[in-house]
**Q** 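The structure follows.
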Amino acid sequence: MNANVKIENSQYGKTLSIYVDSKNKVNQLMIKLADAGFVVDYEPRYEMQNYEGCFLYEDGNSIKVCYKL
């Protein structure tokens, strides 16, 4: 799986954003991370110009898995 990883600022902290090349890969990576024990903030959905899902981790920081539309 090819991915572009960026660290971005959010209103609550930092976000590790993982951009993949299809919606299907967003879903696959979300399932793998959820199975590994990461806490899901929101399931994949259309959010502005992305199809994305999000996980929370310490101190308001998050991990997003995104497909740019």
Side-chain angles (χ1 to χ4, degrees):
M1 173 185 309
N2 292 326
N4 185 7
V5 178
K6 297 179 181 180
I7 297 175
E8 303 172 329
N9 292 318
S10 70
Q11 69 186 74
Y12 302 111
K14 298 281 185 185
T15 300
L16 176 69
S17 298
I18 305 168
Y19 290 89
V20 296
D21 55 3
S22 73
K23 290 180 3 182
N24 190 40
K25 289 184 180 172
V26 169
N27 296 334
Q28 290 173 355
L29 192 50
M30 288 291 295
I31 290 168
K32 287 180 182 179
L33 290 170
D35 287 346
F38 286 85
V39 177
V40 175
D41 183 28
Y42 57 85
E43 293 182 11
R45 64 183 184 199
Y46 292 98
E47 189 72 33
M48 298 173 75
Q49 302 248 338
N50 293 330
Y51 178 73
E52 65 183 46
C54 187
F55 295 91
L56 289 177
Y57 65 98
E58 64 187 49
D59 299 328
N61 296 321
S62 60
I63 300 171
K64 287 193 318 185
V65 181
C66 309
Y67 168 63
K68 195 154 194 85
L69 300 174

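FYI, the numbering just counts along the sequence from 1.
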**Q** Other residues, nucleotides and ligands only: do more than 12 of their heavy atoms fall within 6.0 Å of OH on Tyr19?
**A** yes

**Q** Could you report the tightest heavy-atom contact between Cys54 and Met30, atom names first, then the distance?
**A** N-CE, 3.7 Å

**Q** Going by distance alone, is a donor N or O of one side chain under 3.5 Å from an acceptor N or O of the other, for Asn27 and Tyr51?
**A** yes

**Q** What are the two closest non-hydrogen atoms of Cys66 and Val26, and how far apart are they?
**A** C-CG2, 3.7 Å

**Q** Let me confirm one number: the CD-CD distance from Glu47 to Glu52, rounded to the nearest 0.5 Å.
**A** 5.0 Å

**Q** Quick one: pull up CD1 in Ile63 and OG1 in Thr15 and give me the separation to the nearest 0.5 Å.
**A** 9.5 Å

**Q** Is it the case that atom CD in Glu43 sees more than 12 heavy atoms from other parts of the structure closer than 6.0 Å?
**A** no

**Q** Does a salt bridge link Glu8 with Lys6, judged by any charged N lying under 4.0 Å from a carboxylate O?
**A** no

**Q** Would you say the side-chain atoms of Lys23 and Tyr46 include a donor-acceptor pair closer than 3.5 Å?
**A** yes

**Q** Hey, does the side chain of Asn61 reach the backbone of Lys14 with a donor-acceptor pair shorter than 3.5 angstrom?
**A** yes

**Q** Does one hydrophobic cluster hold both Val40 and Tyr12, with members joined at side-chain heavy-atom distances below 4.5 Å?
**A** no

**Q** Using the rule that two of Ile, Leu, Val, Met, Phe, Trp, Tyr join whenever any of their side-chain heavy atoms come within less than 4.5 Å, decide whether Ile31 and Tyr42 are in one cluster.
**A** no

**Q** If two hydrophobic side chains count as joined below 4.5 Å and joins carry through other members, does Leu16 share a cluster with Leu56?
**A** no

**Q** Would you name the heavy atoms of Met1 and Val20 that are closest together and state the gap between them?
**A** SD-CG1, 3.8 Å

**Q** Nearest 0.5 Å, what's the NZ-OG distance between Lys68 and Ser17?
**A** 9.5 Å

**Q** If you count the non-hydrogen atoms of other residues, nucleotides and ligands that lie under 6.0 Å from OH in Tyr57, is the total more than 12?
**A** yes

**Q** Could you walk me through whether Phe55 and Asp41 pass the side-chain contact (heavy atoms from CB on, under 4.5 Å) test, one step at a time?
**A** CA-CA 5 Å; Phe55 295 91; Asp41 183 28; 5.9 Å; no

